[in-house]
Amino acid sequence: MASYPPFVPSAGRTSPEAAQAARRARNHRSEFAIWWREIDRVLLVLVLTLMAIGAVAVAASSPASARRLSTSAVRLDDLHFFYIHLRWQVLGLIAMFGASMLPRERARQAGILLGAAMLIALMLVPVIGYSVNGAKRWINLGFSLQPSEALKPCFAIGIAWILSWRARDPKIPVIAISSGLMGMVGLFLMMQPDFGSSVLFAGVWFVMVLMCGIPVKRIAALAGAGMAAVVLAYMFYENGRHRIDAFLGGGTAFDQVDLAQKTILAGGWTGTGLWLGTRKLGLPEAHTDYIFSVIGEEFGLLACAVIVALYLALVLRVMLRLLEEEDLFTTLAAAGLTAQLGGQAFINILVNLQLFPSKGMTLPLISYGGSSTIALCLGVGFLIAITRRNPFLKREGFSLRQVGLQKPGAGK
């Protein structure tokens, strides 16, 4: 029997290990090419632009907050919050791109599982949470976790999943089930208390329910229930009552909202220039809740208008993309995620303009934040993953008639 010499790699040959590594590299390049082809690149550019603006805005507002929080024993560097924000942005980008790489089904599953975990964590906040500025919203896991922030993108995906059951069986009471989940989330949020987040969650849920084609009578009933909840909050939630009274009564010259309005107008149309603003030094939470006012002072009202236009473009871009979508879950989840991001942005902007009661809500993708920055980036990643589309496939567009949601009494 003939014997063969052992295999010896030569210049003209490739070892099995090298060939396998080359195949893996080609597969990764192919997966990236598919991802790049299917995602909404305009949406990605808008998000990255807002994050870049956020980095500059935090650099502008960091000195005000650092000096305000410095003591005789500990003096914070003027760019203290800027350096930390850059680290959180890097982690947020990792979460965003990682989530955007997921197929639509995997993104749905990940959102539901993470949402269930965050809902459990939200229930544990009254028991093991700790307080900051009188509100118990955080859990210490070796790092500070705010379950309500991480729950926001997952909530939209979970509600969309429940409402999409209607496409399989119109008899399933999806409105009642989603209402119960909304009520549970609202209850635990008010136990912290966090009225602002409760309003945002309720607004996202209401937008998604409206898209299900429910009868006008049911819409009126839900709106009435929402008004009743606001009245109850006004009666029994003291902090919320003070904020509403201050908004309706005009407040005083030392209210945060009044200081924010004066700060945003101090720079005129073009602003004072980076680090040249002075009004921001007396503004509480300059790097978080009132960063929009700092932008107005140092970069001008024109810069504020550009930011508003970017948020509007982001919302409009997603809505236009959904016009050609044929899947109910995708339509609802994308609309819910967009409503959450856009709603939070415009609440924050209206508060800074003294057109809305103070809510203690950050400007998404721009304000300084830890868990909130990662949660917002994760939500954007889910949005990009859910709206991925093969550009070579033509779609007819989703219609409520396909699932019978237009029938009278739907959602009972």
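Source: prediction; values computed, not measured. What's counted below: heavy atoms across the whole structure, side chains too, no hydrogens, waters or symmetry copies.
Side-chain contact between I386 and L337: present, with at least one pair of heavy atoms (C-beta onward) separated by less than 4.5 Å. Under the 4.5 Å side-chain criterion, counting only non-hydrogen atoms from C-beta, F299 is not in contact with V294. Using a 4.5 Å cut-off on side-chain heavy atoms (C-beta onward), E297 and T278 make contact. Looking at heavy atoms from C-beta onward, L181 lies out of side-chain contact with I177 at the 4.5 angstrom threshold. Between Q109 and L102, the closest side-chain pair of non-hydrogen atoms is not below 4.5 Å. Looking only at side-chain heavy atoms (C-beta outward), V58 and L86 stay at 4.5 Å or farther from each other. Between Y368 and I84, the closest side-chain pair of non-hydrogen atoms falls below 4.5 Å. Side-chain contact between K152 and L200: present, with at least one pair of heavy atoms (C-beta onward) separated by less than 4.5 Å.
Judged purely by atom type and a 3.5 angstrom limit, W88 has no side-chain atom pairing as donor or acceptor with the backbone of S372. Side chain of R104 to main chain of T330: no donor-acceptor pair is present (N/O by atom type, distance under 3.5 Å, no hydrogens or angles). Judged by distance alone, the side chain of E298 and the main-chain N or O of G271 form no donor-acceptor pair under 3.5 Å. At distances below 3.5 Å, at least one donor-acceptor pair connects side-chain atoms of S178 with backbone N or O atoms of I175. Formation of a donor-acceptor pair under 3.5 Å by the T270 side chain with backbone atoms of G300 is not found in this model. Although no hydrogens or angles enter the test, the distance criterion places no donor-acceptor pair under 3.5 Å between the side chain of S100 and the main chain of G381. Side chain of R388 to backbone of M101: a donor-acceptor contact under 3.5 angstrom is found. Judged purely by atom type and a 3.5 angstrom limit, D194 has no side-chain atom pairing as donor or acceptor with the backbone of L189. Looking at R108, its side chain never comes within 3.5 Å of a backbone N or O of A333 through a donor-acceptor pair. Side-chain atoms of S293 come within 3.5 Å of backbone atoms of A260 as a donor-acceptor pair (strictly under, hydrogens ignored).
To the nearest 0.5 Å, the span separating CZ on R317 from CG on L320 amounts to 7.5 Å. The line from CD1 of I384 to CZ of R41 is 12.0 Å long, rounded to the nearest 0.5 Å. Between the CG atom in L145 and the CZ atom in R137 there is a gap of 14.0 Å [rounded to 0.5 Å]. The OG atom of S371 sits 9.5 Å away from atom CG of L376, with the distance rounded to the nearest 0.5 Å. The distance from atom SG of C154 to atom CD1 of I159, rounded to the nearest 0.5 Å, is 12.0 Å. One distance of note links CG of L48 with CD of Q89; it measures 10.0 Å at 0.5 Å rounding.
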**Request:** Assess whether side chain to side chain contact (heavy atoms under 4.5 Å, CB included) is satisfied between M184 and L119, documenting all intermediate values.
**Result:** CA-CA 9 Å; M184 181 188 303; L119 183 58; 4.0 Å; yes
**Request:** Would you please test V185 and L151 for side chain to side chain contact (heavy atoms under 4.5 Å, CB included) and show each step?
**Result:** CA-CA 10 Å; V185 171; L151 182 61; 4.2 Å; yes
**Request:** Tell me, with the steps shown, if M51 and C377 meet side chain to side chain contact (heavy atoms under 4.5 Å, CB included).
**Result:** CA-CA 10 Å; M51 293 185 70; C377 288; 3.7 Å; yes
**Message:** Let's go through M211 and T331 carefully: what are the C-alpha distance in whole Å and the side-chain angles of both, what is the deciding distance for side chain to side chain contact (heavy atoms under 4.5 Å, CB included) to 0.1 Å, and is it a yes or a no?
**Reply:** CA-CA 9 Å; M211 295 184 67; T331 302; 3.7 Å; yes
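Closest non-hydrogen pair, I366 versus I307, comes out as CD1-CG2, 3.9 Å. Contact detail for L314 and L50: the closest heavy-atom pair is CD1-CD1, 4.1 Å. Summarising the geometry of I295 relative to A303, their closest heavy-atom pair is CG2-CB, 4.2 Å, with the distance given to 0.1 Å. Here the closest heavy-atom approach between residue L281 and residue R68 is recorded as O-NH1, 4.2 Å. Across every non-hydrogen atom of P147 and I139, the tightest pair is CG-CD1, 4.0 Å. Closest heavy-atom contact between P284 and Y290: O-CD1, 3.2 Å.
A tilted orientation is assigned to the rings of F81 and H287, their planes being inclined by 30° to 60°. Between Y311 and F346, the ring planes are perpendicular. Angles over 60° get that label, and only those under 30° would be called parallel. Between W161 and W165, the ring planes are perpendicular. Angles over 60° get that label, and only those under 30° would be called parallel.
Judged purely by distance below 3.5 Å, without hydrogens or angles, the side chains of T362 and Q344 pair a donor atom with an acceptor atom.
Tested against T373, the residues H85, E149, R87 include a single side-chain contact (heavy atoms from CB on, under 4.5 Å) partner, H85.
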